[in-house]
There are 2 protein chains.
Amino acid sequence: MKTTAIDPKIDLKSIKDCPNSFVMAVNDTMNVLTGKWKLPIMATLIFGKKRFKEIEREIPRITPRMLSKELRELELNGIVKRTVHDTIPVTIEYEFTPSGRSIKNVLDAMVEWGQEHRNTVMNRLSKVNL
Amino acid sequence: MKTTAIDPKIDLKSIKDCPNSFVMAVNDTMNVLTGKWKLPIMATLIFGKKRFKEIEREIPRITPRMLSKELRELELNGIVKRTVHDTIPVTIEYEFTPSGRSIKNVLDAMVEWGQEHRNTVMNRLSKVNL
DNA sequence: TTTCATGCTATACTAAAGTATATCGCTATA
DNA sequence: TATAGCGATATACTTTAGTATAGCATGAAA
């Protein structure tokens, strides 16, 4: 797990009235979600297990390097589980962990805010243009 | 507003069963939250208006360049309102817009998931180390 | 035997994000 | 008059993220 306690990049620690555990939690969540391909990859896993090439085919323009890198990171962060099946040749499947699946709550909150915010901005714009 | 429709960087459009409006909403939200200093800046504004130098002092290691840049971006995105007061010399205050304040719901969801996830990972680790 | 699919990794590169440092016009204070 | 605070901007640089391209070991199909 890549926790923020160790990571000096984002430092909210000294901001008063903001409990440290909250800051760490937000940063952990951000670490899981940021990067160009994390969300697309997670989107492909919503409806169940997928193999490397399946994911690759479903995400236009992703390179195998990035897919490999991001899957490894998601695995390290406990979001995705990688299973090697003892077939010949081996097949490998990726799927959400329970933790990974539950991040949907965060995405839902993001969808809701994003849509409300978009409406707010649109209304503001349309009033300006009367 | 920086909408994702125009931004070709993140492309979930072709992923089946994932409504476009959802994808756009998530990406809009991500655009508001990503970057090293957005969260620290927003944290300083939680309890009300602040001036440039106040924010700068509360965030260790931020440069005026980054603060200026991020505040401008937050303003463009309708998260933060910038008010110029007609004093001598002018004083400038930054505060949340209602939209900006309501992003707290997203942060709350992130805190909740982040803490749960951390516990899950900790439990996993402690079991491994028995 | 050539070709293709799978599940990657290696190397080298470009682009984006962030840092360091200096400066500016204005005003108040010492 | 010198110094400091305010609210920044400019220029140059480094670091991180992402891309392009090639290749490899395995096995199956044509």
Applying side chain to side chain donor-acceptor pair (under 3.5 Å), can you list everything that pairs with [X], at least two apart in sequence or on another chain?
X	answer
A/Glu95	none
A/Thr120	none
B/Lys53	B/Glu56
A/Thr87	A/Thr91

Practice task
Answer with yes or no whether the side chains of A/Arg101 and A/Thr97 bring together a donor and an acceptor at under 3.5 Å.
Solution key: no

What is the distance, to the nearest angstrom, from the [atom1] atom on [X] to the [atom2] atom on [N]?
X	N	atom1	atom2	value
A/Leu67	D/dA17	CG	P	18 Å
B/Ile59	C/dG18	CD1	C1'	15 Å
A/Ile62	D/dA17	CD1	P	16 Å
A/Glu75	C/dG7	CD	P	15 Å
A/Met66	D/dT21	CE	P	16 Å
A/Trp37	C/dA16	CH2	P	14 Å
A/Ile41	D/dG18	CD1	P	11 Å

Problem - Footprint string (nucleotides 6-15 of chain D, 5' to 3'): B base within contact, S backbone only, - free, heavy atoms under 4.0 Å - result: SBBB-BB---

Problem - Per-nucleotide protein contact string for nucleotides 25-30 of chain D, where B marks a base within reach and S marks sugar-phosphate only (heavy atoms under 4.0 Å, - for neither) - result: --S---

Practice task
For B/Glu75, check side-chain contact (heavy atoms from CB on, under 4.5 Å) against everything at least two apart and list the hits.
Solution key: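 Per chain and number, B/Glu75 pairs via side-chain contact (heavy atoms from CB on, under 4.5 Å) with B/Arg82.
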
Exercise for the section: Only pairs at least two apart or in different chains count here, so list each ring-ring contact (aromatic ring centres under 6.0 Å, His included) that has a residue in residues 61-116 of chain A. Expected result: A/Trp113-A/His117

Practice task
Among residues two or more places apart or on two chains, list those pairs meeting salt bridge (charged side-chain N to carboxylate O under 4.0 Å, His left out) that have a residue in residues 106-117 of chain A.
Solution key: A/Lys104-A/Asp108

